[in-house]
Each structure stands twice: as C-alpha cells, then as structure tokens.
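In what follows, a single structure is set out as structure tokens and then discussed.
Just so it is clear: chains get the letters A, B, ... in the order the sequence lines come, proteins before strands, and each one is counted from 1. Remember, predicted model here, so these are calculated numbers, not experimental data.
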Amino acid sequence: MRQPAMPIRSPFESSIAKPGQGTVVLSLLPPNNPTLTTLTYKYPLKLVPRAPGFIPTPESSALSSSCPSRPVHLYLLTYGGGLLPGDHIEVSIKLEPRTRMVVTTPQGSTKIFKTEPGNANGIKLIKGHRKQMPANQHLADMSQQSLDVRIGRQAALCYLPDPSVPFKNSRYAQVQTFTVDAAAKGDERSSLCVLDWVTQGRTSRGENWNFRFWRGRNEVWATDEKTGKSRLLLRDSVILDDETEDLDISDEDSDEEAGESGLNSHSGRADTPPPQAGLVPLNVIQERTRPHGVVGTLILSGPVFDSLGTYLMHQFNSQPRIGSRNWASSAPSTAPEPSLSTKGDVTWTAARVRAGFVLVKFGAKDFETAKDWLGGLLREEGSIIREFGEEALFCL
Amino acid sequence: MLLDNSQSQHLQSEIAQLEARLLELRAQLDISQYPSPPASHPDQKTAWTIPSDIYKHENIHNNFHSGSGPSSSLHALLLLSDSALPLGSFAYSSGLESYLAHHKPLRANPITSFHRFLKLSIASIASTSLPYVLAGYREPDTLETLDNDLDASTPCIVAQRASIAQGRALIGVWERAFRMSFATPAATDTGAEVAVTAMDDFSDALKSCSDEDNEYDLGPKGHFAPLWGVVCRAMGLDLHQAAYIFVLNHAKAVLSAAVRASVMGPYQAQNILASQTLQDTIMKRIQREWNTEVEQAGQVVPALDLWVGRHELLYSRIFNS
C-alpha cells in the first residue's frame, strides 16, 4: 500500500496544534524596539498584545546604566472568562534579553467552573459561556493551566493577575514555571514579579472553600544556556484539597450521594447562603485557611524589583510587635496611626529567602481587602508604576 | 486423654508460636494496605512486627531470638525516637507560639484550640517534608538535590532556620555517635552503604562551603527532612519506621512545646501522645503522602505559613520557631 505523500503545509495553518496552547516571543529589535516576533494561540485561549502606551525614561528607571526598553502589555484571556472542566491552557512566553513584559487578566478573576458529572446545575452554568459543550467524560476532568516563561538577562516580567475563583466542586491545577538566566550576575539578572492568589469562591452564592481541589505551584529555575544545567531557586506550592477523593470507592459513593442530596435540597435557593452556616462543621479546606477568604503569594526577584522587595521587608519588619504592652502612662495618645501595612484584616509575612528572592504570603478576609492592601502598598512604593506604567496594576 | 507434662508444655509453646505468627502475618497484611513504593526498594517486609513480637505475652516463654537484623533495627528505632536525642527539638514550637499569640480570644478553651493546631501541624509537616524523608530514604544518593529543593520550597526564614539547625545537629549526632556503630561494611542492605556514603559526602560538602558566602551562591544547607531519611536508611530502619518516627517526633515536639507554653500539663500531653486519634492521624497522613513525589510536595495549610512567618513579630518569644 502506498503511503500518502507528505501533505503540503498550509501557510495559514496555525503552528500550534493543541487547543488552549499559546506561544509568545518578545524580541528587542535594534535600536531599542520591542517586537513580538511570535504570537500564536488557539481556542479557548486568547492572547492580545497592546501597543506600549508607556515609555519609561532613563531617569525613572532603577537601572540607570542602560536605557530600559518599553514594556509590552499582554492580555491573557479565555473565552467565557474562565476554565471549564477539561480545559488545558498552556502558555509559553520567551522574553529575550533586555525586554519587558506586563501580563494581566482583563476579564477579572479566573473562574474555575465546577466538575460534577451529571450535575444539572453545572450544565446550566456552562451553557451561556461556551458554544461547544464538552463531552461528558470531559466534565469529569479537571481544569489545568500551565505558564512557562523564560526571562533572558536584564529582561523583566511583571505578572499581577486577578485571583482565581474556584467554584463549588471544581478541580484545578496550575503550574507556573519561570526560568531565569543563571549566568547573569548583579544588575544583569532577570527580574520577575509574580502574584498568585486564590479566593474562597463566589461569596454571593455562599461559597466558602467548597471546591474539590486547587493546586498552585510556582517554580523559578536558573538555567545556564551554555552548560544546560538547571537549578531550582524557588518553589512555592499550595495544595487546597478537600480530600474527599482519598476515601475508597464505597465511601466515596455514599459521600457523593450525601453531597447530591445536599445540593438538591437547596438548589432552589442557590443565591442565598445556606442557613445555619455556623452549625455545619468546617470542611477540610475551610479549617486550613480559616479565618481567611483569600490567600496568596507574591514573588519578587531581580534588580528591577529590588527596591520594592526592600520596601516590603521594611514594612513587614516595622509592623507592631504581637502581644507587646505599652508600659508608658500616656499609652493611648502616643499609639501610632495604623499604617497601610497593618490596617484591615490582612495577615501577612515577608521574607528575603534565598538568591535575592523576596516572598510575601498573605491571607485576607475577602478579595476587596486583599486587593486594596496590596494595590495600596505597590502604589505607595511606586517602582512598578515607574518601570511599567499604571496599567501593570490594572488588576489591583 | 492424658498428656504428660512435657508434651503439654510443648503443645502450649507451639500454640504460642502459631499465635505470634498469626499476629505477625496480620501486621504484614495491615502494612500491605499501604500503596507500595517503587519496586526497587526491598525494605518493606518487617515494619511493625518487631515491637509486637517483643511485647507479646506469649513470646516470653519462647526461645529468645537473637537475629541480628531485627534487634539492631529495634535498637536504632529506639535511639532515633528518643526525646534525649541531641537535635535541639525542644527549642522549636513549629508555629505553636505564634498561633497562640494570634488567637488570644480562643485561649478561653486552649485545649480545643491546641487540638486544631496539632492536626494542622501534622498535616502540614506531612505534606511539605515527608516526601523529602521518603525520597532521602529511597534514593540516598540524591541527598544534595533534595537539600537544595527543600531549601527552595521553604517559604520563610523562621522555618528554614529551624530545619537547618536540626538537620546539622543530626549530622553531628551521626558523625560523632552513630557512624562508628552503624556504618559497618557487613551491612546486608546495599542501600545502607549508599546512605553512609551520601552522609559522608554531604557532610564534606557542608564543611567545605563557607558560611558567609554570597547570597547568590547556593551551597548545601543541611535541611532536616532528607537527612532524616538518609540516616534512617543508614541505621537499618525500614521505610515505614522512618516515616512514622519522623511524624511522631514532630508531634512530640509540638506537645512538649505546648507543655512549656502552659497550654496543658505533662499528663495531658502524654494522654494525647498515646491516643488512638493521634496514631490514626499520623497513619493517615503517611498513607496520603506515601507516593507523593517531592515535586508535588506543598503546603496544605496556608495559614500555618503565615503564623510561622510572623513568629518574628512576637514581642516576647520562648521558642525559636
């Protein structure tokens, strides 16, 4: 039998075969002109670049030695503004030396839709968002997102997205890998600022950490281009798992039924929070995140974010000591005004870990509180706006 | 039928032996309920049978078994589970002190509040560190990579300091005390030899790298969890024992911190330590992480990272973490 000849590749065909994949390469063309030399994506992913509206001046930048290039703004979008079960988003970005990129999510929070096989509620919810209904077995799959960014020397990434909002019964795993140039030293190092946060779900619907699992992993690797050796610099991994899938089959069945009947009983009034919320025992994730409604991590590294890291460390270390007593007789009058970093219901910690990384972890009672707190800190310090423009803080 | 005395004694001892054998087999069955690790590790056979053999009443009249394998492994087990092992574990509360400071109103019922903390703390140590213990045991020659990766995964200075201090203390105990007795060339397990070599190499690497080196030049650190796995391998413990003592020692340290922080009295602490609930919790967590790759290790209790990190903000401190 004769094998068919190699088909002629259509010049219009996307170079990316799998749905949800996207590739971006940002190069610096001479003299100092940042250009997206590659930009491809496939449904349900959409990547939209925006002409840089902000031009940093040499005086405004922390790196006076070299004129920084204009930051390119990339919008990360998915059809429907969220991820359905079985969706697998895979974005790969390469920042060539001395380029700068801002990545935001203009659609608001990343919604993670539920994974409940045969659940009528779930199907109703999905209908409005996607023309194509996923096949039934896909409903059982989890949603995944992976982001892989290679940051060349003197390049900088500023990635401050909206939080992810996992809906009830959803399953989600995300891996974000950032690779920096190991050979670069001092001011030539790659810079990155990455925010990763997750909320308890739709509070308006009474959701309170009711998803199945949410795993978020952020890794920073240093790779030496010449030797090809890689070394893990930082790994931040959060696993929120209600552990119901640990039980053996028989247990799970009964559990499933209990869940179903529970769902049906109040599906008619899904918009109101379930009554007697205080009496229901906490689920595993609620227990482990209590009292927070949102938890998150901010990772900073490299010369561009040095001053921000120092500022955050200073803010953290100047928080009032816990459990201290003011022995002075004039105590109430001399108590300092609560500063931005201590105000509100935000519990946070900052640490200069290793290899110059500053890692901030925070928990807050709700999304608005966390957003105001973090946005406030970043605006007060001001270096992100100076280096990348106001639009870098679009989501905050 | 009339049996003479010696015959009945013989029968009785046979019954006792059979009963002991039955218990042993039952225990083995229990262990096999675990998902088994990769087949390359032939260390699964004896886990919990040793203690049950020793304390079984029927066994008292039996012949004394002086099999060198089990008894030396029991000896090592007791050495490593001793709270007098000079690792300085008493100096760390693993976030308990900070937790108490953050939950002043809850101190109206400190015991309930403490139970919650202990449960969270065990879940967290199992999800973040236990995979490194298991990996250190299974592949002792990857110790340096494991050490680097755990260092990269530890999100705050307070936890990092605690882990490194105890890890280096463990290296000290191994070198000065255990190495002479356990690093014998006659070891039956080739893995034990590899583990001994890994310890030697790691210790050399640690000594040759100066302490005040530059922040960007990342040398070996000496984190506790992978070293624990390697030392357990070198001392002839099996994997279940290594994992169980690791988590149990953590629970002991938290309980002892609770006693010193006046959350509870020493009897109450022993009561919790002895309880079936604690045993079940430990077993459940080990089972859950048994096949977790180190890449998949992560924090399941985000709130704990915040408490541990904010330990530095406490006005007064009695613990180092």
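Heavy-atom distances place no part of B:Ser127 under 4.5 Å from chain A, backbone and side chain included. Residue contact with chain B, scored on non-hydrogen atoms closer than 4.5 Å, involves the backbone and the side chain of A:Leu232 alike. The parts of A:Leu234 that come within reach of chain B are both its backbone and its side chain, each placing non-hydrogen atoms under 4.5 angstrom from that chain. Both the backbone and the side chain of B:Leu306 come within less than 4.5 Å of a heavy atom of chain A. Residue contact with chain B, scored on non-hydrogen atoms closer than 4.5 Å, involves the backbone and the side chain of A:Val238 alike.
Between A:Phe362 and A:Trp373, the ring planes lie tilted relative to each other; the angle falls in the 30° to 60° range. Classification of the B:His240-B:Trp290 ring pair by plane angle, with boundaries at 30° and 60°, yields parallel. Aromatic ring pairs are classed by plane angle as parallel below 30°, tilted from 30° to 60° and perpendicular above 60°; the pair B:Trp307 and B:Phe117 is tilted. Relative orientation of the B:Phe224 and B:Trp228 rings is tilted, given thresholds of 30° and 60° on the angle between their planes.
Taking B:Ser153, B:Cys156, B:Ala303 one by one and counting their heavy-atom pairs under 4.5 Å with chain A, the maximum is reached by B:Ser153. Annotation: maximal heavy-atom pairing with chain A below 4.5 Å, among B:Leu314, B:Thr145, B:Leu120, B:Asn148, occurs at B:Asn148. Between chain A and the options B:Pro155, B:Ala123, B:Ser98, heavy-atom pairs under 4.5 Å are most frequent for B:Pro155. Counting heavy-atom pairs under 4.5 Å between each of B:Leu313, B:Val301, B:Val158 and chain A puts B:Leu313 at the top.
Formation of a donor-acceptor pair under 3.5 Å by the B:Thr128 side chain with backbone atoms of B:Ser124 is found in this model.
Taking the side chain as every heavy atom from C-beta outward, A:Leu374 and A:Leu298 approach each other to under 4.5 Å.
Looking at B:Tyr99 and B:Ser93, their side chains never bring a donor and an acceptor atom within 3.5 Å of each other.
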